[in-house]
K.L.:
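Please find one structure pasted underneath; my questions will follow.
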There are 2 protein chains.
Amino acid sequence: MKTKDKILKEALRLFNERGLSQVGVREIARSLDISVGNLSYHFPKKEDLIMELLSQIRMANDARYEEYFEGRASLGRFLGTFRQIMENQYRYRGVFLGHDEINQVIKKHFDYLSIEEKRRKFFHRIYTDLAKAGELKLAEGDIEFLISFITLFGRFWMMEASISFTDKSKEEIIDHYMGLLKKQLGLFV
Amino acid sequence: MKTKDKILKEALRLFNERGLSQVGVREIARSLDISVGNLSYHFPKKEDLIMELLSQIRMANDARYEEYFEGRASLGRFLGTFRQIMENQYRYRGVFLGHDEINQVIKKHFDYLSIEEKRRKFFHRIYTDLAKAGELKLAEGDIEFLISFITLFGRFWMMEASISFTDKSKEEIIDHYMGLLKKQLGLFV
DNA sequence: GTCTATACAAGGATAGAC
DNA sequence: GTCTATCCTTGTATAGAC
């Protein structure tokens, strides 16, 4: 195996273990028993290393989608493809995962699991009340689904906006995401 | 205004401008014409500063929810409350926003808007085909909704999992999120 | 092409004087 | 409460050996 490939492999292993921002080039080099300069020769910047890993993910995902398009359109096949994509994302989780500054702080200072628990109970109460008041028609499992939706949604809408809607105003962005939430809840009215 | 409050205010302003990881303590200090040591006196670690901002958000959000619970349960009131929460999150966007290492790299090296565009067209094709094949029943606006759902979902499920399901296995996690996707699409079968 | 050694800048953190 | 000086780590760059 070439040094370049060894570096990519070990870097991904370390990133998956502790996250992108927590693993420095020195550590990758040390872990492989090579010098920093050597690593710099193959990947002048840490960025270049990350770019290479991102390209690997992209290629793997594209291949899965191409396979899908070669067959007939079916919900089952689509769900199967999407699961493969998710498996692939998981394989490279260290590249994406929330090991940035803010997540470090939250995990260190808050008991996040109990906050999360509280958060879910909270929405459970809100939706149960809405169902009792006849504002929502909820069957078995619907509440859990809506809770999962809104926790993910409420946490990440702004991150997505910062990526996808760089040119939009605050009002436009919030209107867009409020529209999604309304539509989602509207399915249960 | 006390130095401590001035620091918090200026830090948030700078974070909103360029993101948490791009603003150092030296810059915050310089911007206020105080010394780094002085800043360190009020907030020994950058973490402490972030924690304080996070607490402010939490308190503001909690207040909104308490107001909601004081009134009667209605969809309209809930949506109104949620919008206020979103406005509040936006006010503190710099604390959360994707200015971590990976986002920097992506924004620098990829034409992200056109990739995003392609991604949406892609899912548009998939869902249109599924509708034509009779696998999904989609009315006006449903496709756009499902696309928005799956782009946000596909990008952030793993981040949420790393926060909420730290004790679960890969299979359990993927099963959970696949369940969400199935349920969502099942609403249009 | 492959690697080592070394230097430099920037950022977080802290000790000690006033 | 505020400041100066200093330390350590991390990303980055490069001269030069083999």
Side-chain angles (χ1 to χ4, degrees), chain A residues 1-54 94-109, chain B residues 1-54 94-109:
Chain A
M1 198 188 243
K2 284 188 178 166
T3 306
K4 190 162 186 171
D5 295 321
K6 277 192 218 165
I7 293 171
L8 284 169
K9 193 179 167 187
E10 184 64 8
L12 180 58
R13 194 184 68 76
L14 290 168
F15 290 160
N16 282 349
E17 219 173 83
R18 288 203 308 293
L20 204 56
S21 59
Q22 300 308 298
V23 179
V25 287
R26 281 173 182 78
E27 183 181 357
I28 300 170
R30 190 175 352 112
S31 186
L32 284 167
D33 253 306
I34 63 173
S35 70
V36 185
N38 189 3
L39 198 152
S40 279
Y41 167 73
H42 292 286
F43 301 97
K45 303 187 177 192
K46 191 179 174 186
E47 252 180 47
D48 300 314
L49 217 176
I50 298 169
M51 279 294 296
E52 191 63 37
L53 290 173
L54 282 174
V95 181
F96 301 107
L97 237 45
H99 297 282
D100 53 349
E101 219 172 347
I102 181 67
N103 280 288
Q104 303 283 343
V105 177
I106 290 178
K107 286 210 173 184
K108 187 169 170 187
H109 292 272
Chain B
M1 198 186 241
K2 285 188 177 166
T3 306
K4 189 160 184 170
D5 294 320
K6 277 193 218 164
I7 293 171
L8 283 169
K9 193 179 169 188
E10 184 65 9
L12 180 58
R13 195 184 68 75
L14 291 168
F15 290 160
N16 282 349
E17 217 174 83
R18 287 203 310 294
L20 203 57
S21 60
Q22 300 308 299
V23 179
V25 286
R26 280 175 180 77
E27 184 181 356
I28 300 170
R30 190 175 352 110
S31 187
L32 285 167
D33 253 308
I34 62 173
S35 69
V36 187
N38 190 2
L39 197 153
S40 280
Y41 167 74
H42 291 287
F43 301 97
K45 302 190 177 191
K46 192 180 174 185
E47 254 181 44
D48 299 315
L49 217 176
I50 298 169
M51 278 294 298
E52 191 62 38
L53 290 173
L54 282 174
V95 181
F96 301 107
L97 235 47
H99 295 282
D100 52 349
E101 217 172 348
I102 181 68
N103 280 289
Q104 304 283 344
V105 177
I106 290 178
K107 287 211 172 182
K108 186 169 171 186
H109 290 272

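In what follows, every heavy atom counts, from backbone to side chain, and hydrogens, waters and symmetry copies are set aside. Chain letters run A, B, ... following the sequence lines, proteins first, then strands; residues in each count from 1.
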K.L.:
Rounded to the nearest Å, what distance is computed from the CG atom of residue A/Leu49 to the C1' atom of nucleotide D/dT10?
P.N.:
15 Å
K.L.:
Can you sort out the partners of B/Gln22 under side-chain hydrogen bond (donor to acceptor under 3.5 Å, both in side chains), two or more places apart, ordered by chain and number?
P.N.:
none
K.L.:
Just jot down the side chain to side chain contact (heavy atoms under 4.5 Å, CB included) partners of A/Ser35, sequence neighbours excluded, or say none.
P.N.:
A/Asn38
K.L.:
Can you tell me if the side-chain N/O atoms of A/Asn38 get under 4.0 Å from OP1 or OP2 in C/dT2?
P.N.:
no
K.L.:
Do any side-chain nitrogens or oxygens of A/His42 fall under 4.0 Å of OP1 or OP2 in C/dG1?
P.N.:
no
K.L.:
Taking CG from B/Asp48 and P from C/dG12, how many angstroms apart are they, rounded to a whole number?
P.N.:
13 Å
K.L.:
D/dC3 P sits how many Å from B/Leu39 CG, rounded?
P.N.:
10 Å
K.L.:
I'd like a list of close polar pairs between nucleotides 12-18 of chain D and the protein, N/O only, cut-off under 3.5 Å.
P.N.:
{"unit_1": "D/dT12", "atom_1": "OP2", "unit_2": "A/Lys46", "atom_2": "N", "d": "3.1"}

K.L.:
Tell me, which pairs form a salt bridge (Lys or Arg N to Asp or Glu O under 4.0 Å) where one or both residues lie in residues 25-44 of chain B, sequence neighbours left out?
P.N.:
B/Arg18-B/Glu27
K.L.:
Would you tabulate the side-chain donor-acceptor contacts of residues 5-12 of chain B under 3.5 Å, counting partners in other chains and residues two or more places apart, or write 'none'?
P.N.:
{"unit_1": "B/Glu10", "atom_1": "OE1", "unit_2": "B/Arg13", "atom_2": "NE", "d": "3.2"}
{"unit_1": "B/Glu10", "atom_1": "OE2", "unit_2": "B/Arg13", "atom_2": "NE", "d": "3.4"}
{"unit_1": "B/Glu10", "atom_1": "OE2", "unit_2": "B/Arg13", "atom_2": "NH2", "d": "2.8"}
{"unit_1": "B/Glu10", "atom_1": "OE2", "unit_2": "B/Ser31", "atom_2": "OG", "d": "2.5"}

K.L.:
Find the distance A/Lys6:NZ to C/dT2:C1' and express it as a whole number of Å.
P.N.:
12 Å
K.L.:
Can a side chain N or O of A/Thr3 be found less than 4.0 Å away from OP1 or OP2 on C/dC3?
P.N.:
yes
K.L.:
Only counting residues at least two apart or in another chain, list the ones meeting salt bridge (charged side-chain N to carboxylate O under 4.0 Å, His left out) with A/Lys2.
P.N.:
none
K.L.:
Which whole-number value in Å describes the distance from B/Arg30 CZ to D/dC3 P?
P.N.:
15 Å
K.L.:
Starting at atom NZ of A/Lys2, determine the distance to atom C1' of C/dG1, rounded to an integer number of angstrom.
P.N.:
11 Å
K.L.:
Measure from CG on A/Asp33 to P on C/dC3 and round the result to the nearest Å.
P.N.:
12 Å
K.L.:
Could you check how far CZ of A/Arg18 sits from P of D/dT10, rounded to whole Å?
P.N.:
10 Å
